[in-house]
Amino acid sequence: MIEDKIIEACIAAVKQLYGQDVQADAVQLQKTRKEFEGDLTVVVFPFTKASRKGPEPTAQEIGEYIIAQVPEICKYGIVKGFLNLVVKPEYWLEFLRQQNKNPNFGIVASSASKPWLIEFSSPNTNKPLHLGHIRNNLLGWSVSKILEADGKNVIRVNLVNDRGIHICKSMLAWKKWGNGESPEGSGKKGDHLVGEYYVLFDKEYKKEIAALVASGLNEEEAQKQSSIMQEAQKLLRLWESGDEETLKLWKMMNAWVYAGFDLTYQTMGIAFEKTYYESNTYLLGKEIVEKGEAQHLLKRKEDGSVWADLTDDGLDEKLLLRSDGTSVYMTQDLGTARLRVDDFNPERMLYVVGNEQNYHFTVLKKVLARLGFPWAEAIHHVSYGMVELPEGKMKSREGTVVDADDLMDEMKTTAQRMTEELGKTADFTPEEADRLYHMIGMGALKYFILKVDPEKNMLFNPEESIDFDGNTGPFIQYTHARICSLIKRGGFDIEKSSLSPQIVICDEERDILRLCHDFPVIIHKAALELSPAQIANYTYELTRTYNTFYQKIPVLKENDEAIRHFRLALSAFTGHIIKECMCLLGIEVPERM
RNA sequence: GGUUCCGUAGCUCAGUUGGAUAGAGCAACAGCCUUCUAAGCUGUGGGUCGCGCGUUCGAAUCGCGCCGGAAUCACCA
């Protein structure tokens, strides 16, 4: 990379001219701003101490040195303390020639090192996925792709929360009022069907509470006396004791839900290498806690409950086992983490979980460290903000959740309507058209979600449906499709292409080349920050720059064959990178639209 | 109250390890389809980067203090 050469030259320049040593990270090299001539800029302020001169003379001396030492640099300019370097057109041509044939440009080959585990999705089996899960799933999938592109050996895992009182609620409601309803019989999607019974339980429970309160009890007593809640708790005890009939029902209803989830995941375009179930890990968690208590790393209170005392770390005491010996959320996570270490011996374990659980994960790490597990440090919480609606947070009880399946359907329908209005699919087969509508609808949704910094809460307004114009997925897809058709019509063949060294590269073309050149750096940065938003914003910048150029300079009309060839090569390469970026976001790109 | 995160144009969001005159899209207005895809492009208007102080050649970015919002601090998951 040319950047490394310049940095080296700067270090050498300061050493030779001023007799001082500087570290590589002290050299500030950045892209030259559009309004100035140049490709790369060295900030010389940091060197003025060594030179004991003003910024301009220092820049001039270093500039002269770089010109002499780095053959790829043909020119420099100085504005205040900024040394703007111009890269020779030959360098860009050679770069384009080399990389145009390289399908793996920017992608680091996977190493054989220890795997990186990434957990995401983590649904409950008592309700269908909603908009919050969509953000989780898309982030998890994209982060996993980015890590792979950065050379990590990635294993995607899901963790299904398939046990506990909430599951028993939907089971009980189905038993009482279900009349044997099944997905096959009713034609409903399994997760939605089970979700309906969960809601039904809540409705009946509230009704009962209201009746009890009306008869003179206070809220708390009413909750305790509620017969249907007591029945649900009885069901939980039956489940824990391994009652055959209960387990059978549980397995059946879970199977319905899993079939429903699989469909949702398929539509979303995500998949996992392995799925963990909390019903398999909570006992292991209990074991870990009991062992820790025996070693006096944890303490048992008089009522029999077990706690981790984290007050030295400025945190609270944390419950790990209830007084009745049953496990809590944290207990299960201890077991799950342990199981994963046994299964894969991972380098890192990433958890894509909402920022509402930031505290949970700091505690999880602390407790594991307290228990003497060296791999506690491998755990990393990929935290993300909530998706909010204009009226505030989504609440399932108030019916303000945006259902994932509904939303994805809606996106596809909208995509179809708009595409047909534009008459784009007139010559498509029905299958091709359907595939395109799916790509565009999902592309719009995915890009909308992923372009926002994960840490921030984001707003989704169902009234104003997601845009298809401007900084959107379809805009990028559209540009890709246009590049594809351009290449096809232009009769361009990379294998046969030769780029004339006499080409004069205009400003817009340099901008595109610089952006493409940055691609590997962007992937690495996104991998370090675990942020698909980096990729999304980069892709938009590249796409927009290309579009501006495309509009200004007709590609196919150009008479000079050498220029025509160069521009087709540039388009092909840009198209390749756009496709690569979209793949990192989990978004498909069409060849025509 | 403690801890963590957020606050940038009317709205949704970018803004690189501190760097040059803070950028896009949407919305509004004015242009561009006889030429290769108008889901596009060009132009106009729109800013006390929540407020204040500090650090320095330089702060939207770092530190401290306020103001506003969110999450969390459960024998829920």
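Protein chains get the first letters and strands the later ones, always in sequence-line order, with residue 1 at the start of each. Because the structure is a prediction, the values reported are computed rather than measured.
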Hey, does the side-chain of [X] have a donor or acceptor N/O within less than 3.5 Å of a partner on the base of [N]?
X	N	answer
K31(A)	U16(B)	no
T41(A)	A20(B)	yes
T419(A)	A39(B)	yes

Nearest of [options] to any side-chain atom of [X]?
X	options	result
Q30(A)	A14(B), G15(B), A20(B)	A20(B)
W307(A)	A39(B), C75(B), A77(B)	C75(B)
V452(A)	G40(B), A14(B), C75(B)	A14(B)
E388(A)	A77(B), A70(B), A14(B)	A70(B)
Y359(A)	A20(B), U37(B), C73(B)	C73(B)
F82(A)	U37(B), A71(B), G19(B)	G19(B)
K393(A)	C75(B), C13(B), A71(B)	A71(B)
S323(A)	C73(B), C75(B), G25(B)	C75(B)
Y478(A)	A39(B), C13(B), A14(B)	A39(B)
M593(A)	C75(B), A77(B), A39(B)	A39(B)

Exercise for review: Using the side-chain contact (heavy atoms from CB on, under 4.5 Å) rule, take S122(A) and V160(A) through it: C-alpha gap first, then chi angles, then the decisive distance, then the call.
Suggested key: CA-CA 5 Å; S122(A) 314; V160(A) 181; over 6 Å; no
Check your understanding: Are the aromatic ring centres of F475(A) and Y478(A) under 6.0 angstrom apart?
Key -> no
Review point. Which is it for V382(A) and L139(A) under the side-chain contact (heavy atoms from CB on, under 4.5 Å) test, yes or no, and what are the steps along the way?
Key: CA-CA 9 Å; V382(A) 182; L139(A) 271 174; 5.9 Å; no
Does the side chain of [X] get closer than 4.0 angstrom to OP1 or OP2 of [N] through an N or O atom?
X	N	result
R33(A)	G19(B)	no
K424(A)	A39(B)	yes
R544(A)	G23(B)	no
R567(A)	C36(B)	no

Between [N] ([atom2]) and [X] ([atom1]): distance, integer Å:
X	N	atom1	atom2	answer
K451(A)	G15(B)	NZ	C1'	15 Å
E3(A)	U16(B)	CD	P	18 Å
Y538(A)	G15(B)	OH	P	15 Å
H524(A)	U17(B)	NE2	P	12 Å
Y447(A)	C13(B)	OH	C1'	10 Å
L310(A)	U72(B)	CG	P	19 Å
M330(A)	U72(B)	CE	C1'	12 Å
L459(A)	A70(B)	CG	P	14 Å

Review point. Got a salt bridge between K299(A) and E293(A), using NZ or NE/NH1/NH2 to carboxylate O under 4.0 Å?
Key: no
Practice item. Indicate yes or no: does K412(A) engage D434(A) in a salt bridge with an N to O separation below 4.0 Å. Key: yes
Check your understanding: Once Watson-Crick and G-U wobble pairs under 3.5 Å are found, how is RNA chain B written in dot-bracket notation, 5' to 3', with | for any base paired to another strand?
Key -> (((((((..((((.....[...)))).(((((.......))))).....(((((..]....))))))))))))....
Review point. Centre of Y550(A)'s six-membered ring, under 6.0 Å away, within 45 degrees of the axis: is that where NZ or CZ of R482(A) sits?
Key: yes
Practice item. Determine, step by step, whether L321(A) and T331(A) satisfy the side-chain contact (heavy atoms from CB on, under 4.5 Å) criterion, reporting the C-alpha distance in whole Å, the side-chain angles of both residues, the deciding distance to 0.1 Å, and the verdict. Key: CA-CA 7 Å; L321(A) 280 182; T331(A) 328; 4.0 Å; yes
Review point. Quick one: CD1 on I440(A) to CZ on R435(A), what's the gap to the nearest 0.5 Å?
Key: 11.5 Å
Mind checking [X] for me? I need base, sugar-phosphate or nothing, with any heavy atom below 4.0 Å counting as a touch.
X	result
E541(A)	nothing
T548(A)	sugar-phosphate
I165(A)	nothing

Practice item. Using the side-chain hydrogen bond (donor to acceptor under 3.5 Å, both in side chains) rule, take D333(A) and H360(A) through it: C-alpha gap first, then chi angles, then the decisive distance, then the call. Key: CA-CA 10 Å; D333(A) 260 5; H360(A) 173 79; 2.8 Å; yes
Exercise for review: Starting from the C-alpha separation in whole Å, work towards a yes-or-no answer on side-chain hydrogen bond (donor to acceptor under 3.5 Å, both in side chains) for T125(A) and D162(A).
Suggested key: CA-CA 6 Å; T125(A) 53; D162(A) 61 344; over 6 Å; no
**Study point:** Whether T336(A) side chain and Q332(A) backbone form a donor-acceptor pair below 3.5 Å
**Key:** yes
**Study point:** Interatomic distance at C1', A27(B) relative to A71(B), whole Å
**Key:** 32 Å
Check your understanding: Less than 5.5 Å between centroids and less than 30° between ring planes, does Y540(A) satisfy that with A14(B)?
Key -> no
Revision key, fill the gap. Per the O4'-C1'-N9-C4 / O4'-C1'-N1-C2 angle with a 90° window around 0, C49(B) comes out anti
Short N/O separations, protein against nucleotides 4-8 of chain B, under 3.5 angstrom:
from, atom 1, to, atom 2, distance (Å)
G7(B), OP1, K456(A), NZ, 3.2

Pairs: protein N or O with nucleotides 55-60 of chain B N or O, under 3.5 Å:
none

**Study point:** Pairwise 5' ranking along RNA chain B for R163(A) and R482(A), keeping only the more 5' one
**Key:** R482(A)
Practice item. Taking the side chain as every heavy atom from C-beta outward, state whether D202(A) and Y198(A) have any atom pair closer than 4.5 Å. Key: no
Practice item. Go through the steps for Q60(A) and E56(A) under the test side-chain hydrogen bond (donor to acceptor under 3.5 Å, both in side chains), then give the verdict. Key: CA-CA 6 Å; Q60(A) 178 142 12; E56(A) 281 87 355; over 6 Å; no
**Study point:** Trace of the side-chain contact (heavy atoms from CB on, under 4.5 Å) decision for C506(A) with I553(A)
**Key:** CA-CA 10 Å; C506(A) 73; I553(A) 301 157; 3.8 Å; yes
